[in-house]
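Residue numbers begin at 1 in each chain, while the letters A, B, ... track the order of the sequences.
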There are 2 protein chains.
Amino acid sequence: MSDRKGKANLEDIARQAGVSKMTVSRVLRGGTGFSDDTRDRVMATARQLGYVPNRLAAAFGSDAASTLVGMCVPRLTSGLFGHVLDGVDRALSRLGYQVMIGANNHSTEEEEAWVRQVISWRPAGVILSGRSHSPGTVDLLRNAGMPVVEIWDLTTSPIDMSVGFSHHDCGAEIGQFLLRRGRRRAGYVGALARADVMGQSRLDGFQAALSGGGHPLVGKEVLSDTPGFYAGYYGLETLLARNLHLDVVYFHNDEMAIGGLAYCQARGIRVPEDLGIVGWGGMEAASVLPKRLTTTVVPTTAIGKAAAEALVARLRGEPGADVTVIPTRLVPGETA
Amino acid sequence: MSDRKGKANLEDIARQAGVSKMTVSRVLRGGTGFSDDTRDRVMATARQLGYVPNRLAAAFGSDAASTLVGMCVPRLTSGLFGHVLDGVDRALSRLGYQVMIGANNHSTEEEEAWVRQVISWRPAGVILSGRSHSPGTVDLLRNAGMPVVEIWDLTTSPIDMSVGFSHHDCGAEIGQFLLRRGRRRAGYVGALARADVMGQSRLDGFQAALSGGGHPLVGKEVLSDTPGFYAGYYGLETLLARNLHLDVVYFHNDEMAIGGLAYCQARGIRVPEDLGIVGWGGMEAASVLPKRLTTTVVPTTAIGKAAAEALVARLRGEPGADVTVIPTRLVPGETA
DNA sequence: TCAGGTTACGTTACCGGTAAACCTGTGGCA
DNA sequence: TGCCACAGGTTTACCGGTAACGTAACCTGA
């Protein structure tokens, strides 16, 4: 056994089984061109030597052999993206791929830095979150010539493929829903400001719908904090302190909306009578609250799965749509 | 430019800059053995050609050059592990490493399958969650001779290194705390049963403390469901239906405890007067609830960071402890 | 009976870096 | 003057697979 780290390689197996390296390679990859007898002998030898394949060598030697997929999310601590990641990982690992992760913290520069790193591993493909990227990122990916899936926020002109839904439509749908329910003085509580392009899209859609219905947004409060429970709590406190006589507040996401609900409960504000509360995302907690949160449920796992499958389909040369819509669902709860 | 995918390589840069491949390699890695003039020329040429390094080739050619780290968590959808992953990723990406993820779904077999895959990429090191692994996993890792960090549940005899805290102690601490607060009839609501070894450790510690204090656990309900809000809600409902006159319930984690709180609120059970509720983990939501949840706060991000740093220290040959304790903190809230 | 296809292999070249050993000119010093 | 150290390189070998092509033995049908 050639003993760089004491590991057996194809050559060791070949020698011991009395065949060539290439035959061993073919057998282990489950190809054709060998007899049943040879296959059994090679397999037995490989097992006996404790052979651990070297994907590094395989991917290096042949551009087609990489089973690595890069996936970049805005934040690893987001509950929603945890589910997306889970969907991606389940689908890909079942097909023999491995996932390399990254977080861009809602920054296109950080995303570009990550893409630069991940590309240096010559992955089979890359999954990005969102549809706004730096020119450098787009260049790098175009040049790399590998499948790219942009998820979460749908785009009709993707770098390569897009899987997700329209954030703008989500916001608009909620706006129209609230108008139908008779709400007239809507506010918004968000976080991360310009950084989160997709949250901004929802707000844009929301505002457009409200204005279109003749009752434009009355006030908004956008913190530069992490969009979590705290930010929802204090964001609502700040917004209400401005005495705008709001009758409903749309939140950046469910976490923040639940923070808002906590604030209402603490201050004796009745929901939905005194104030309506609406979230976005569809986290599990939202449905076991004393009052079920009105929100948009996003099929996170399905998006991850669809992205992974689109990527693999392209790698296999199967035909597939460039744009896949995974619809969200407005779930009227008891808070608006 | 040799055009396998149209990408420039060291040789292209070398030719154009009028030096050898090796000199280019040294310059790009920031080594020594070249003049300032040569360095500037090489750097300029690399930029001009849009050189993207090939880490695959580097890691393949030299076992020491890998910047890949594998990280396996029980579930990617867990809020706590999202933070651990974040801690790991931040620390590692700052140091130039990339993270390959995996989920074992609380199964040592799935973990072994993942380890087999990740090792085939010849990573610089591996981070695992938990301390119970299949013999095959331990063999593979020992044989690979790379740094391994076991996180989350501390072990005094790690495969290589261990970073975390004792789940058993967490449970015991809560047990003692509740006894001091005068609770005498404690119950437990959990999930995943045998599969989640660490949850079981907490329960063991909890029971030991209660028994030691003369008031053993009265009843428990362990669902084979995902340990989330729903499971907490229905688990508590089922447990209380047995009319055991419990005065406090310890939950597998905060999500389940919050589900339990939701159940109490729905049924008019006063917390903490009629029933105490205790969680585990320290999720953000727990602190903006109408009543702050009594729980154990786990420094998730710090554990991830410490694990990453221990791994890198070992890679650099710096001295470091094999076992690093990251203490948890019992936070008495208003629910017990 | 023999051209032509098929099966079951073997051979060769190559992927793009890095380690290690090897050169070469220059300056310092005994 | 001769020797050595050192800066600033170059050369060579190798990592472990895979693609592409070559080939001998066997089969098959006209």
Side-chain angles (χ1 to χ4, degrees), chain A residues 1-42 46 49-68 119-124 144, chain B residues 1-42 46 49-68 119-124 144:
Chain A
M1 191 187 294
S2 83
D3 60 354
R4 190 203 208 190
K5 297 226 165 173
K7 269 180 189 152
N9 58 26
L10 289 194
E11 192 119 31
D12 299 321
I13 301 175
R15 205 177 5 256
Q16 183 134 348
V19 293
S20 75
K21 209 170 114 176
M22 198 59 219
T23 298
V24 177
S25 172
R26 282 198 273 255
V27 168
L28 292 181
R29 281 183 296 156
T32 57
F34 43 81
S35 64
D36 289 0
D37 182 51
T38 300
R39 186 195 53 215
D40 295 346
R41 216 166 59 250
V42 167
L49 293 180
Y51 175 68
V52 177
N54 188 333
R55 243 179 249 287
L56 220 46
F60 170 58
S62 155
D63 10 355
S66 180
T67 57
L68 178 65
I119 281 194
S120 73
W121 285 98
R122 305 293 189 268
Chain B
M1 190 187 299
S2 84
D3 60 354
R4 190 204 209 190
K5 297 228 166 170
K7 270 183 190 150
N9 59 24
L10 289 192
E11 191 120 32
D12 299 321
I13 300 175
R15 209 181 356 260
Q16 183 133 348
V19 293
S20 76
K21 210 170 113 174
M22 199 58 220
T23 297
V24 176
S25 173
R26 281 201 272 257
V27 168
L28 292 180
R29 281 182 296 156
T32 57
F34 44 81
S35 65
D36 288 1
D37 182 51
T38 300
R39 187 196 52 213
D40 295 347
R41 216 165 61 250
V42 166
L49 293 180
Y51 175 68
V52 177
N54 189 333
R55 242 177 249 286
L56 220 45
F60 169 58
S62 157
D63 9 355
S66 180
T67 57
L68 178 65
I119 281 194
S120 74
W121 285 98
R122 305 291 189 268

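Residues B:Asn9 and B:Asn54 fail the side-chain proximity criterion, which asks for heavy atoms closer than 4.5 Å. Using a 4.5 Å heavy-atom threshold, the side chains of A:Leu10 and A:Leu28 count as touching.
OP1 or OP2 of D:dG16 sits under 4.0 Å from a side-chain N or O of A:Asn9. Taking only side-chain nitrogens and oxygens, A:Tyr51 comes nearer than 4.0 Å to OP1 or OP2 of D:dG17.
Where the helix from C:dT1-D:dA30 to C:dA30-D:dT1 starts and where it ends, the local axes point in directions that differ by 50°; five pairs per end, rounded to 10°.
Considering every non-hydrogen atom in both B:Tyr51 and B:Ala8, the closest pair reads CD1-O, 3.3 Å. For B:Ser35 against B:Thr38, the heavy-atom pair with the smallest separation is OG-OG1, 2.9 Å. Scanning both residues, A:Thr32 and A:Arg26, for their nearest heavy atoms gives O-CD, 3.5 Å.
Under the rule for a salt bridge (Lys or Arg N to Asp or Glu O under 4.0 Å), the partners of B:Arg39 that lie at least two apart in sequence or sit in another chain are B:Asp36. By the salt bridge (Lys or Arg N to Asp or Glu O under 4.0 Å) test, A:Arg41 is found to be paired with A:Asp37, residues two or more places apart in sequence or in another chain being considered. Listed by chain and number, the residues in a side-chain contact (heavy atoms from CB on, under 4.5 Å) with A:Ala14 are A:Val24 (sequence neighbours excluded). Residues satisfying the side-chain hydrogen bond (donor to acceptor under 3.5 Å, both in side chains) criterion with A:Ser66, sequence neighbours excluded, are absent altogether. By the side-chain contact (heavy atoms from CB on, under 4.5 Å) test, A:Ala65 is found to be paired with A:Ala58, A:Ser62, residues two or more places apart in sequence or in another chain being considered. Among residues two or more places apart in sequence or in another chain, the side-chain contact (heavy atoms from CB on, under 4.5 Å) test is passed with A:Thr67 by A:Arg55, A:Tyr97, A:Gln98, B:Trp121.
Taking atom CZ of residue B:Phe60 and atom P of nucleotide D:dT18, one finds them 11 Å apart after rounding to whole Å. One can place CG of B:Asp37 at 18 Å from P of D:dA7, the figure rounded to the nearest angstrom. Whole-Å rounding puts the A:Lys7 NZ to D:dC14 P distance at 21 Å. The CG-P distance, from B:Leu56 to C:dC14, rounds to 20 Å in whole Å. Rounding to whole angstrom units, CG of residue A:Leu28 and C1' of D:dT18 are separated by 13 Å. What separates CZ of B:Arg55 from C1' of D:dC15 is a distance of 18 Å, to the nearest Å. B:Asn54 places its CG atom 18 Å from the P atom of C:dC14, with the value rounded to the nearest Å. Spacing between atom CG of B:Asp12 and atom P of C:dG17 amounts to 9 Å, rounded to whole angstrom units.
Contacts with DNA chain C (heavy atom under 4.0 Å) in residues 17-25 of chain B: B:Lys21, B:Met22, B:Ser25, listed by number.
Out of C:dG16, C:dC9, D:dG17, the shortest distance to the side chain of A:Ser35 is found at C:dC9.
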*Apply side-chain contact (heavy atoms from CB on, under 4.5 Å) to B:Val19 and B:Phe34, showing your working.*
CA-CA 10 Å; B:Val19 293; B:Phe34 44 81; over 6 Å; no
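Heavy atoms of B:Thr32 sit nowhere under 4.0 angstrom from any nucleic acid atom. No engagement by B:Ala65 is indicated, since no non-hydrogen atom pair under 4.0 Å with the nucleic acid exists.
Each of B:Arg39 and A:Leu10 lies near DNA chain D, and the nucleotide nearest B:Arg39 is the one positioned closer to the 5' end.
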_Contact letters for nucleotides 21-28 of chain D, in which S counts primed atoms plus P, OP1 and OP2 and B counts the base, heavy atoms under 4.0 Å_ = --------
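By the 5.5 angstrom centroid cut-off and the 30-degree plane limit, A:Phe34 is classified as not stacked against the base of C:dC9.
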